Amino acid sequence: MHTHTDRARYVFGWGWGLPALLVVSLSVTWMALGCQSNPLTSAHTPLQKAYALYGEFVIVEEQAAQLKSTPNTPVALKRALQLADARAQPSANALLQATLDYTAASRELAQGTGTPEKLQITQTHLNQWIAQTETDITVLLHAVEGK
Amino acid sequence: MNAFLTLAATLLRALSLESRISPLTQEILSAVAAILQIGPAAQPQLYALNDTVQAMVKADRDPTEAEFNELKARSDAAHALLQSGNV
C-alpha cells in the first residue's frame, strides 16, 4: 500500500500524470486517425485496463526511442525525450508491479497457499493505480479538448 | 501530418495555460509534441494491442503474467536505448 506521502506525490506531483500524458497523446492521435476504439476503451476488467494502459505506455516509449535514434533529431529534443522517459518509467513500473502482485495473489489463493485478505489488498492497490491513471487521462483529455 | 502538428500545438497550448508550468514541464511537453508528430508510425502497434485486448475480452480472460512480462521486456529495451549514450 502507498503511504500518505507516496499518495500525495502521485496526486499532486507528476506521478501517473506523465505516463498518462504520454498515453493520452497516443490516444488523441488514434482518434485523429478515425479509429473509434482504442485498447484502453476496449478493456473491461481492471487487469485488462492495466494491460492496455501499460501497453500504450510501452508503445509511446518505443516511439520515443526510435525518435532519439534518428540522426537528425535535435539534441534538445533527445534530452527532453530522455527526461520524460526517466520520469515516467517508475510510475509505469509501479503499475506493472501492482498487476503482478494481484495475479500472484490470485494464483496463490487458487492453489490454496494464499489468503483472501492478501488478494483483497493487492486488488485495492491495483484499483487505486487504475483509478488515478484514469483520472489523470480524463483531466488531460479535457485539457486537450479545451473543456 | 499537419493535423498532428495542429493537435500537438493544441495540447501544448492548453497545458501551457497552467500557471504552475515550469521549464522542466515545458521540456517534457516538447517530448510529447514530438511523439504526437510521429504518432501515425505507432498505428500498427496500437492496432495489434487493441486486437489483443479485444481478444481477451471476447475470451473472457485476463492477461497473464507472461503477457505483462513481454511488455516489460519491450519497455526495458526502449528505456535502455533512450537512456544510452550522451546526447
Side-chain angles (χ1 to χ4, degrees), chain A residues 14 18 21-22 24-26 28-30 32-33 35 37-40 42-45 47-48 50-52 54-69 73 75-87 89 92-93 96 99-100 103-104 107 140 143-146, chain B residues 3-4 6-8 10-11 13-15 17-18 24-43 45-54 56-57 60-65 67-85 87:
Chain A
W14 271 108
L18 184 54
L21 179 60
L22 300 175
V24 80
S25 302
L26 208 56
V28 168
T29 305
W30 183 260
L33 289 169
C35 305
S37 61
N38 67 36
L40 188 55
S42 295
H44 288 179
T45 70
L47 276 177
Q48 290 168 356
Y51 184 83
Y54 189 67
E56 289 198 36
F57 171 75
V58 171
I59 291 171
V60 170
E61 204 174 26
E62 288 175 336
Q63 293 299 314
Q66 187 180 347
L67 188 58
K68 189 233 173 190
S69 302
T73 300
V75 171
L77 179 54
K78 289 183 179 182
R79 288 191 181 134
L81 290 168
Q82 280 186 324
L83 180 66
D85 176 59
R87 291 178 68 88
Q89 214 207 28
N93 284 344
L96 176 65
T99 63
L100 294 178
T103 52
R107 186 180 61 246
L140 289 166
V144 171
E145 293 166 353
Chain B
F4 298 106
T6 303
L7 278 170
T10 303
L11 175 66
R13 189 166 54 250
L15 294 174
L17 292 176
E18 288 287 329
L24 176 71
T25 306
Q26 288 285 2
E27 286 187 45
I28 289 171
L29 290 180
S30 71
V32 171
I35 288 167
L36 270 177
Q37 290 170 37
I38 60 171
Q43 202 177 357
Q45 289 110 303
L46 273 170
Y47 274 120
L49 179 64
N50 196 40
D51 287 346
T52 302
V53 172
Q54 286 185 340
M56 288 175 187
V57 172
D60 194 23
R61 73 169 182 89
D62 278 325
T64 64
E65 281 187 59
E67 286 169 323
F68 274 111
N69 286 330
E70 186 183 336
L71 288 180
K72 176 72 163 61
R74 287 172 54 188
S75 174
D76 287 345
H79 181 72
L81 186 58
L82 268 166
Q83 301 301 329
S84 66
V87 294

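Proteins come first, then strands; the chains are lettered A, B, ... in the order of their sequence lines, and each starts at number 1. Being a predicted model, the structure only gives us computed values, none of them experimental.
Across all their heavy atoms, A:S42 and B:N50 have their closest contact at OG-OD1, 2.7 Å. In plain terms, the two heavy atoms of B:A78 and A:A65 that are nearest each other are O-CB, 3.8 Å. For the residue pair A:S69 and B:L81, the shortest heavy atom distance occurs at OG-CD2, 3.5 Å. Nearest heavy-atom pair, B:L49 versus A:A52, reported as atom, atom and distance to 0.1 Å: CD2-O, 3.8 Å.
Of the listed residues (B:E65, B:E70, B:Q45), the greatest number of heavy-atom pairs within a distance under 4.5 Å of chain A belongs to B:E65.
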Step-by-step side-chain contact (heavy atoms from CB on, under 4.5 Å) determination, A:L100 to B:N69
CA-CA 9 Å; A:L100 294 178; B:N69 286 330; 4.1 Å; yes
Stepwise side-chain contact (heavy atoms from CB on, under 4.5 Å) check, A:N93 with B:K72:
CA-CA 8 Å; A:N93 284 344; B:K72 176 72 163 61; 3.7 Å; yes
Step by step, work out the side-chain contact (heavy atoms from CB on, under 4.5 Å) result for B:R61 and A:L47.
CA-CA 9 Å; B:R61 73 169 182 89; A:L47 276 177; over 6 Å; no
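In this structure, A:Y54 has its ring center no closer than 6.0 Å to that of B:F68.
For B:D51, there are no salt bridge (Lys or Arg N to Asp or Glu O under 4.0 Å) partners, not counting sequence neighbours.
Heavy atoms closer than 4.5 Å to chain A are found nowhere in B:T64, neither backbone nor side chain.
A:L96 has its side chain out of reach of B:L71: every pair of non-hydrogen atoms, C-beta onward, lies at least 4.5 Å apart.
Rounding to the nearest 0.5 angstrom, the gap separating the CD atom in B:E67 from the OG1 atom in A:T103 is 11.0 Å. Taking NE2 of B:H79 as the reference point, atom CD of A:E62 lies at 14.0 Å (rounded to 0.5 Å). A distance of 11.5 Å separates OG1 of B:T52 from CD of A:Q48, quoted to the nearest 0.5 Å. Here CG of B:D62 is found 12.0 Å from NE2 of A:H44. Values are rounded to the nearest 0.5 Å. From A:D85, atom CG reaches atom OG of B:S75 across 7.0 Å, with rounding to the nearest 0.5 Å. The CD atom of A:Q66 lies 11.0 Å from the CG atom of B:L82; values are rounded to the nearest 0.5 Å.
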